[in-house]
Amino acid sequence: MATDKHLLLIDGNSVAFRAFFALHSQVNTFINHDGLHTNAIYAFNTMLDVVLKEFKPTHVLVAFDAGKTTFRTKEFAEYKSQRAKTPSELSEQLPYLRQLLTAYGIKSYELANYEADDIIGTLAKEASQAGFQVDIVTGDRDLTQLATAEVTVNVTVKGVNQTEAYTPEHVMEKYGLQPKQIIDMKGLAGDTSDNYPGVRKVGEKTAIKLLKEYDSVEGVYEHLDDLKASKMKEHLQEDRSNAFLSKKLATINTAAPIKVSVTELKRQERDLDKLIEFYKEMDFNSFLSKLDSAVAPTEVAAKTTIKFEQLTNENIKQVLAKFSGPVVFYLEMLASNYHTSDFAGFVIGQEDHWYFGRDIKLLQQPDFVAFFADNQQAKLVFDLKRTFVGLNRLGIRLNGTTFDLLLASYLLNTNDNSNDLGKIAQLHQYSDVATDEEVYGKGSKKALPENETEFAEHLARKARAIEQLQPKLSHELEANDQIGLFNELEIPLALVLAQMEIAGIKIDKDRLNDMRGSFKERIQQIQEKIYAEAEEEFNINSSKQLGAILFEKMNLPVIKKTKTGYSTAVGVLEKLKGIAPIASDVLDYRGLTKIQSTYITGLLKVIHPEDGKIHTTYLQTLTQTGRLSSIDPNLQNIPVRDEDGRQIRQAFVPREKGWQIFAADYSQIELRVLAHISHDKNLQAAFKEGMDIHASTAMRIFNLDSPADVTPNMRREAKAVNFGIVYGISDYGLSQNIGITRLQAKNYIDNYFREYPNVQKYMTDIVQSAKDHGYVETLFHRRRYLPDINAKNFNLRSFAERTAMNTPIQGSAADIIKVAMLNMHKALEEHKLKATMLLQVHDELIFEAPDDEIPVLRKLVPQVMDSAVDLEVPMKVGFGSGPTWYNVKD
DNA sequence: AACCTCACG
DNA sequence: ACGTACGTGAGGTTA
């Protein structure tokens, strides 16, 4: 494909717009020293680097819109008139984009009365006739009408760093239309964002159907008489002129009177002096340091120098004695699992005195051990839990941590959930530290740099970044009213989680091995049955092959399709059960193989060879709501709903004979949280009276007088409504979930909101608050930004709205159990119990304890969990114990 | 690496 | 008209 004639055309306004919203959540952190917003410039620059690298064009042009009036507004005064004004934070950035492009040696162009689209269309045509390969980059799908064999239209997805390439084939795949029919589709469907009408009640779907039949708008109207009488036909007739007008508006002009020719667009070298000046003006330190490494490519990307000294047995005493005030400590482990990873090295220091060591035994020197144990000696770290576990493996107890850069960054913005110090530093405008990928590489090539100085300097830079970012992030936490959440919840919780991970849970390996044998036989039997039914052998695990068998060979009805083929998901197979026994067998097969691969062999693989336990890793800084997640292995999704899978829990046992597993869970914690934050009297009454909440909801939404009138099916439906409420309900979602019509679902929801009016008020208010502030909060001030809450795109916006409703509920529940865990950990210590907290599964805590402590736990655990917070409704905690996790019962 | 499927709260 | 339930992780296949 390499050619010496490759033209890249960028739709400047459209990409700038996408760039602006890609970093919209950070619009107030991307401000330069003159108070100029820079988020769109930054993201635009990133995009530019990506596409230049990807397409390696010889010629480049960025086209901009010239102004509001164009030949289209002459045609149709309302064109784009509904469009909200470009935010001033964005429009102030546009002139600087031109500066950036100039420094990059790239021409930009605009033309009075024409839009950027028309410039691009005209040049694309001209260039492809002149033998150029052309790539267009835009955020606007309308441009896919320009796709040809020579012209590829790359539409930005997920921000601006990724594009989807529309060739004519891809347009066909996506829409089932040829590129030139895109304008016919727009003609019929109209475009709300550009504010032209199309035909009433005709959307993309209907338009595509019509065009497949009649090819074009003209074709549709020529054959209008063939259509049988319908509302749609009436609309088509009435809106005929709109359809033709809309098509005209959607059509890109490929003969605009432009004054540049392709040959003038040859890409020039970047003007490094200009670019450096520009980046300094914008405070783009990360781009600056990249530029440095481009100028002097052998050096690690960082712009200042750093000094360090080797730590040795001889100087430890003096080094430690000299410290005063908070000390930064960073321990490096390269492998993904820190419970088993080798130690690579460490750095310790303060105020630009950094001490580096590769020999981990140095840390075990008594002065050092005492230093770590000293609660009065403040330490600053990155990833406290990881550091605690690492030191614990060396027999060292870490106390006195006052700051964790990773945790602080997560609380400030859960959207930036990287675990890489370098990346996090960059997000906070600190660029003097490389990312691990830059220094160590990735995948199989990940390794320490050969040059030890480079390694030491990388660690020293990390330490310095922690120290320098601490005041800024602490200040931001304070501004967000999150100091309590940070100091009193997440920091101490990191230590509790670390100790749970370290404790691990004992596994009965023999039990798992026995199960492996019996599952293997059952799988074999059912596999043979399926082969017999299919009359051939195939890979049942392959949804593609399975689809071919079911829907092509056996001709079963296609219920649902996925992007790539036939869906064979549970719901589909359930529907086929009645007509084809093979569907039911495939379901059984899937159930068994899932248990076998994920839970039996999967868990056997991660049993620690020395202690026979499984040590999971909790991710404390990942979820958007404040929940934990569990990996390597995930112990938060061990089967419980089906009996076959549930038996896996028989392998989770106490670490010693004469001990038991004890488990306690919050009942309906999310609905209780909702009752609390909505102050809804009716919902609160149900909890205060200790009613069965789903039955209570059923009585209200079905208007029943007595609990005895609630049928099991009513309770089931009411339960689904309660779930739906928590998730941010929609009639469609509810109707799908319980198999009723959308109208019925809407009816249920209306009834619900009538019975629980303050819940409805909460939903309305929280969405409005999210729109006003850009984020929502939990009871404990955990924050989630919702950059899409004001999006024009219906899907993005709706999703953000549901998230706004759900996050305070799910997140507050997460806060509450975290408090309970802290208090529980303290209580076990205070009561000097041997009992150990092992696992957390969102609303549930699992312990192991000697038999004689079980009666103590039965009182203590519910009491501690109950009193974690004081809500307007009571908490309820269920609990039980038994010889294995499977057998816990009251 | 992306997709599908399915395990949990 | 739009097309969905909220939050996760892992194994297997396919590209």
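Here is the naming used below: chain letters follow the sequence lines, and residue numbers restart at 1 for every chain.
- Distance Asp731(A) CG to dG3(C) P: 15 Å, rounded to the nearest Å.
- The OH-P distance, from Tyr727(A) to dA5(C), rounds to 11 Å in whole Å.
- The CG-P distance, from Leu674(A) to dG9(B), rounds to 20 Å in whole Å.
- Within the 4.0 Å cut-off from OP1 or OP2 of dG9(B), not a single side-chain nitrogen or oxygen of Arg627(A) is found.
- Considering only side-chain atoms of Asn539(A), the nucleotide from dC8(B), dG7(C), dT13(C) that sits closest is dT13(C).
- One can place CD of Gln810(A) at 17 Å from P of dC8(B), the figure rounded to the nearest angstrom.
- Between Gly198(A) and Asn242(A), the closest heavy-atom pair is O-CB, 3.4 Å.
- Comparing the same atom, P, in dA5(C) and in dT5(B) gives a spacing of 14 Å after rounding to whole Å.
- Residue Thr562(A) has its side chain nearest to dC4(B) when only dG12(C), dT14(C), dC4(B) are considered.
- Distance, Ile738(A) CD1 to dT4(C) C1': 15 Å, rounded to whole Å.
- Contacts of Ile595(A) with the nucleic acid, taken as non-hydrogen atoms under 4.0 Å apart, are absent.
- Counting atom types as modelled, Ser629(A) pairs no side-chain N or O with a base atom of dT8(C) as donor and acceptor under 3.5 Å.
- Side-chain nitrogen and oxygen atoms of Thr564(A) include at least one within less than 4.0 Å of the OP1 or OP2 phosphate oxygen of dC4(B).
- Leu628(A) comes within contact range of no nucleotide atom at all, as no heavy-atom separation falls under 4.0 Å.
- Here the separation of dT4(C) from dC4(B), taken at their P atoms, is 12 Å to the nearest Å.
- Between Lys544(A) and dA15(C) there is a side-chain N or O to OP1 or OP2 distance below 4.0 Å.
- Smallest separation of non-hydrogen atoms from Ile701(A) and Tyr748(A): CG2-O, 4.1 Å.
- Heavy-atom distances to DNA chain C give each of Lys605(A) and Thr623(A) a nearest nucleotide, and the one nearer the 5′ end belongs to Thr623(A).
- Heavy atoms of Gln545(A) sit under 4.0 angstrom from primed sugar atoms or phosphate atoms, though from no base atom.
- With hydrogens and angles left out, the side-chain atoms of Ser730(A) and Arg742(A) include no donor and acceptor closer than 3.5 Å.
- If you check every strand for non-hydrogen atoms under 4.0 Å, Arg646(A) touches nothing.
- The phosphate of dC4(B) (OP1 or OP2) has no side-chain N or O of Ser567(A) nearer than 4.0 angstrom.
- Side-chain polar atoms of Glu643(A) and Gln647(A) form a donor-acceptor pair below 3.5 angstrom.
- For the pair Asp644(A) CG and dC8(B) P, the computed distance is 12 Å after rounding to whole Å.
- Distances shown here put a side-chain N or O of Arg641(A) below 4.0 Å from the OP1 or OP2 atom of dG9(B).
- By the 5.5 angstrom centroid cut-off and the 30-degree plane limit, Phe799(A) is classified as not stacked against the base of dT4(C).
- Within 4.0 Å of Thr593(A), counting heavy atoms only, lies no atom of the nucleic acid at all.
- Atom P of nucleotide dC3(B) and atom NZ of Lys561(A) are separated by 17 Å, given to the nearest angstrom.
- Summarising the geometry of Asp420(A) relative to Ser418(A), their closest heavy-atom pair is N-OG, 3.0 Å, with the distance given to 0.1 Å.
- Taking both residues in full, the closest heavy atoms of Met865(A) and Tyr666(A) are given as O-OH, 2.7 Å, listed atom of the first, atom of the second, then distance.
- Contacts of Gln736(A) with the nucleic acid, taken as non-hydrogen atoms under 4.0 Å apart, are absent.
- Nearest heavy atom pair, residue Leu779(A) against residue Ser812(A), reads N-OG, 3.0 Å.
- The base of dT4(C) sits within donor-acceptor range of the side chain of Arg802(A), with an N or O pair under 3.5 Å.
- As a whole-Å value, the separation of Arg590(A) CZ from dT13(C) C1' is 12 Å.
- Within the structure, every side-chain polar atom (N or O) of Arg797(A) is placed at least 4.0 Å from both OP1 and OP2 of dC2(C).
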